[in-house]
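Read through the structure below, which is laid out as structure tokens, and then see the notes.
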Amino acid sequence: MAALGIPRNTIEIIKKYNIKFQKRFGQNFLIDTHVLEKIISASGVTKNDFVLEIGPGIGTMTQYLCESAREVLAVEIDSSLIPVLSDTLSAYDNVTIVNKDILKLDINRIVKEYNQNTPIKVVANLPYYITTPIIMGLFESHVPLESVTVMVQKEVAQRMQAVPGTKDYGALSLAIQYYANAVIAANVPANCFIPRPSVGSAVIKLTCHSTPPVKVDDEKFMFSVIHASFNQRRKTLQNALSNDDRLGISKKEAADAIKQMGLAENTRGEVLYLKDFAKLSNILLNLRKQR
Ligand code: SAM
């Protein structure tokens, strides 16, 4: 089977199977060999690796992954693409295609079955309408992960790797950075896809931490503190924390915690690093216990 990264070959497959692009599944297929090579190189996949690919489409990147990895498992929701994948991947015996919604799949079970429960690499050109649920789902269900190298909307990639004091910094940056080190590997223009998406794209590599970089007494509570702080971005940290009913923090407790942190009264959440949110949430929990 001819390499699909070459536009002529992709167009041939599209015609042969009369493929109608499904917007609701975020179908934008890659047609640029340089971008494909860049993703594979950024992912660091070798012949020792088991790779999970989310949304193989017509199998363009899957062909590259089959060449570089030991084994590939590709999960595609669109059943009309399954016969296409059998055709475009017929030369490879190291690939398994699963026709399922990735959000409904027990990935922990797959890692046990295919990789002896040791960390896997995820590589994907993600459907943009569910980027965050897919990535956070992988992290929060504690799938053993080495890295996640994915194409996402450019703005989302920028938010993932943003640092305090920048406009892109927010709850997503902190959620990602709690689990991984995020680095943008490439910016990808719309003309590298068919059909062209209406937004710019970027490849981001998330190299997963083996243990979290900060110590928190209650992970869930820390993320509630983070969400409260960024929900009311223009308010001071003290007001944002005490205004959020889900936290159950009084104005005085918020003020005491900020003082214990050595921060100014008018500090805003957007200047705090992950380590600061970890410390702040531990202090707030303690203050709540002392009531
Ligand atoms: N990997 C291909 C490529 O790079 O050309 C296609 C990428 S396209 C941006 C996203 C793919 O994800 C589509 O094939 C789409 O059908 C699939 N997809 C969308 N939602 C999905 C879901 N919930 N579970 C699994 N696959 C999904």
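Counting convention: from 1, in listed order, for ligands and their atoms alike. Computed from a prediction, not measured in an experiment: that's the story for all the values here.
- Between Y178 and F139, the ring centre distance reaches or exceeds 6.0 Å.
- Residue contact check for ligand 1: E53 places a non-hydrogen atom closer than 4.0 Å to it.
- Every heavy atom of M151 sits 4.0 Å or more from the atoms of ligand 1.
- For ligand 1 and V75, the ligand atoms under 4.0 Å from any heavy atom of the residue are 25 (C), 26 (N).
- Counted by atom type alone, Y17 and D87 present one or more donor-acceptor pairs between their side chains at under 3.5 Å.
- Distances below 4.0 Å separate heavy atoms of N28 from the following atoms of ligand 1: 7 (C), 8 (S), 9 (C).
- Assignment of E76 to the shell around ligand 1 is supported, since a heavy atom sits closer than 4.0 Å.
- Panel note: side chain K47, backbone E67; a donor-acceptor pair is recorded below 3.5 Å.
- Stacking of K275 on the aromatic ring of Y273 is recorded, both the 6.0 Å distance cut-off and the 45° axial limit being met.
- In summary, the aromatic rings of F277 and F223 are positioned with their centroids too far apart to meet the 6.0 Å limit.
- Under a 4.0 Å criterion applied to the non-hydrogen atoms of P127, ligand 1 contributes the atoms 10 (C), 12 (O), 18 (N), 19 (C), 20 (N).
- Atom 3 (C) of ligand 1 has N125 ND2, 3.5 Å as its closest protein atom, hydrogens excluded (heavy atom only).
- Counting the atoms of ligand 1 from 1 in the order shown, those under 4.0 Å from a heavy atom of K100 are 24 (N), 25 (C).
- Nearest to atom 24 (N) of ligand 1 among the protein's heavy atoms is I102 N, 2.9 Å.
- Every atom of ligand 1 with a heavy atom of F29 under 4.0 Å away is listed here by number and element: 5 (O), 6 (C), 14 (O).
- Between the side chains of D78 and Q27, at least one donor N or O sits under 3.5 Å from an acceptor N or O.
- Put simply, the side chain of V156 reaches to within 4.5 Å of the side chain of L172, judged on heavy atoms.
- Contact between L103 and ligand 1 is absent, with no heavy atom of the residue lying under 4.0 Å from the ligand.
- Here A124 has no heavy atoms under 4.0 Å from ligand 1, in either its backbone or its side chain.
- Which of L30, I77, D32 comes nearest to atom 27 (C) of ligand 1 through a heavy atom is settled by distance: it is I77.
- Nearest protein neighbour of atom 2 (C) of ligand 1, counting heavy atoms only, is P56 O, 3.3 Å.
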Please walk me through it: do K121 and D49 pass salt bridge (Lys or Arg N to Asp or Glu O under 4.0 Å)?
CA-CA 7 Å; K121 287 179 178 158; D49 292 317; 2.8 Å; yes
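- Close to ligand 1: L126, with a non-hydrogen atom less than 4.0 angstrom away.
- Residue contacts with ligand 1, taken as heavy atom pairs separated by less than 4.0 Å, involve I130 solely via side-chain atoms from C-beta onward.
- Ligand 1 has no N or O atom lying under 3.5 Å from any N or O atom of M61, backbone or side chain.
- The pair E113-R109 meets the salt-bridge criterion, since a charged nitrogen lies less than 4.0 angstrom from a carboxylate oxygen.
- Contact annotation: the side chain of Y179 never approaches that of L138 to less than 4.5 Å [non-hydrogen atoms, C-beta and beyond].
- Contact analysis puts Y129 in contact with ligand 1, with a non-hydrogen atom separation below 4.0 angstrom.
- Here the shortest heavy-atom distance to atom 8 (S) of ligand 1, taken over G26, G57, C192, belongs to G26.
- Here the heavy atom of the protein found nearest to atom 23 (N) of ligand 1 is D101 OD1, 2.8 Å.
- With hydrogens left out, the protein atom closest to atom 19 (C) of ligand 1 is F25 O, 3.1 Å, a heavy atom.
- Nearest protein heavy-atom contact of atom 12 (O) of ligand 1 is G55 CA, 3.2 Å.
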Give the intermediate values and the outcome of side-chain contact (heavy atoms from CB on, under 4.5 Å) for residues R70 and N94.
CA-CA 7 Å; R70 183 192 87 233; N94 60 341; over 6 Å; no
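- Nearest approach of K235 to A240, heavy atoms of both residues: CB-N, 4.3 Å.
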Evaluate side-chain contact (heavy atoms from CB on, under 4.5 Å) for V188 paired with V203, printing each intermediate quantity in order.
CA-CA 7 Å; V188 181; V203 178; 4.0 Å; yes
